[in-house]
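Here the structure is laid out as structure tokens; the discussion comes afterwards.
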Amino acid sequence: MESVTIVDVSPRDGFQSVVPFIPTARKIEIIRGLADAGLRRIEIGSFVSRTALPQMSDIQLLLADLSSRISAELSVLVPNFKGAELAMKAGNENLVIVFSASETHNANNVRKTVDASIVEAKRIIEELKPEGRIRVNIATAFDCPFEGKTPLERVLRLVEQVVPWAGDAEIGLCDTTGRALPVDVAAAFDRCMSLFGRRNWAYHAHDTYGLGTATNWTAYEHGVRIFDASAAGLGGCPFAPGATGNVATEDTVFLFENSGVATGIDLNRLLEVATSVTEIEGGAVGGRVRAAIEARSRLGIRDDSSTKVSANG
Ligand code: COA
Ligand code: ZN
């Protein structure tokens, strides 16, 4: 079966939800741990307003410390042109550009209309010409905390606007509230693939209703090979009331590896990092696999090699 790429977004989507400032050294330790566990891509923070998200204010320090000394590819979220300029000035061109499918969420999140955000996203690509890996993330692609279910036709119209200038950028559909059902994810990616082809689609699940692994699998079956996830399921969007963190990275690794889909990640090492993430003061965590494997190991049952658990075990 074709392998997948998992992007750990806990240092961005996870940390941004934590109020007490996480010391920069602690962030670095976690990001390094993720890379050591085999994560090849990590979204380490964002270039955003310090007043909007003080937790992200040390992004320059993180980049300065990590860029040249880590095996993983590091990306940063940029909500607008200014953020992209700052990121590139700081030497990082792997940009995650984000706008929402719903007007209310976009206004709350980045204080713009959706159209204005798309114009700005296009300007980032065309004027700044970043040379790294680009992701264009469409938040609230399935559901909006303020407006309810997002019509698929609306998302398709937005994708249609992005494709002409996106080049080989990844396009991510984000389930910001965690309310997408497998049937929604199947429909969305089926339509995307048939209208716009098998390009670099990505899926970004939140686990608010416990559906993150289910929808991850559906996305895989419908052609997606790039998945965002957060170690220990840390998170909860400060701009999406009620939503919890992303699907846990360890749950995602467990799902894929045991289904015969390689992730390149060592689950045991990842579990150590995820456990340390649970100790972050003020953090809300999720995920099931950590507790399940811990319980088995208390009984002396070892989940052999990280990832391979016997199919009938
Ligand atoms: N990074 C850092 N500073 C930024 C910035 C960015 N990306 N964009 C704008 N600013 C600064 C401006 O320079 C200005 O500073 P000044 O007052 O010293 O001149 C100030 O912020 C206000 O600028 P403005 O363009 O009016 O921005 P805003 O107040 O409308 O805020 C955002 C827009 C996008 C910067 C802000 O809403 C934000 O950071 N949101 C966070 C989005 C996010 O990360 N959400 C979670 C991920 S989906
Ligand atoms: Zn998210």
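Below, all heavy atoms of this structure are taken into account, side chains as well, without hydrogens, waters or symmetry copies. Note that ligands are numbered from 1 as they come in the structure, with each ligand's atoms numbered from 1 the same way.
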_Set of ring pair (Phe, Tyr, Trp, His ring centres under 6.0 Å) partners for Phe99, sequence neighbours left out_ = none
_Among Leu234, Leu77, Leu53, exactly one meets side chain to side chain contact (heavy atoms under 4.5 Å, CB included) together with Gln16. Which residue is that?_
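It is Leu53; the other options fail the test.
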Within ligand 1, which atoms have a heavy atom of [X] less than 4.0 Å away?
X	value
Pro79	34 (C)
Leu86	1 (N), 2 (C)
Val48	1 (N), 2 (C), 6 (C), 7 (N), 39 (O), 41 (C), 44 (O)
Asn80	5 (C), 6 (C), 7 (N), 8 (N), 9 (C), 34 (C), 35 (C)
Leu53	43 (C), 44 (O)
Phe47	1 (N), 6 (C), 7 (N)
Ala52	38 (C), 39 (O), 40 (N)

*asked:* Restricting to non-hydrogen atoms, name the atom on Ile265 and the atom on Gly38 that form the minimum distance, rounded to 0.1 Å.
replied: CG1-O, 3.8 Å
*If every non-hydrogen atom of Ala84 is compared with every non-hydrogen atom of Leu95, which pair is closest and at what distance?*
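Minimum heavy-atom separation between Ala84 and Leu95: CB-CD1, 4.0 Å.
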_Heavy atoms of other groups near Arg288 CZ, more than 12 under 6.0 Å_ =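 Count not over threshold, so no.
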Is [X] touching ligand 1 with its side chain, its backbone, both, or neither, if touching means heavy atoms under 4.0 Å apart?
X	answer
Thr51	neither
Arg12	side chain
Asn109	both
Ser49	both
Asp13	neither

*N, O or S atom of Asp13 closer to the Zn ion (ligand 2) than 2.8 Å*: yes
_Taking backbone and side chain together, does Cys174 place any N/O/S atom at a distance below 2.8 Å from the Zn ion (ligand 2)?_
no
*the Zn ion (ligand 2): angle it makes with NE2 (His206) and NE2 (His204), nearest 10 degrees*: 100°
Assess whether a salt bridge exists between [X] and [Y], defined as any Lys/Arg side-chain N lying under 4.0 Å from an Asp/Glu carboxylate O.
X	Y	answer
Glu272	Arg269	no
Arg32	Asp36	no
Arg41	Glu170	yes

*At the 4.0 Å heavy-atom cut-off, does Gln16 count as touching ligand 1?*
yes
*asked:* I'd like to know if Lys112 contacts ligand 1, where contact means a heavy-atom distance under 4.0 Å to any ligand atom.
replied: no
*Distance from Glu221 atom CD to Ser259 atom OG, nearest 0.5 Å?*
9.5 Å
_According to side-chain contact (heavy atoms from CB on, under 4.5 Å), who are the partners of Ser297, at least two apart in sequence or on a separate chain?_
none
*Any N or O on Ser46 sitting closer than 3.5 Å to an N or O of ligand 1?*
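Min N/O separation from ligand 1 is not below 3.5 Å for Ser46.
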*Among His204, His206, Arg12, which residue meets the side chain to side chain donor-acceptor pair (under 3.5 Å) test with Asp228?*
His204
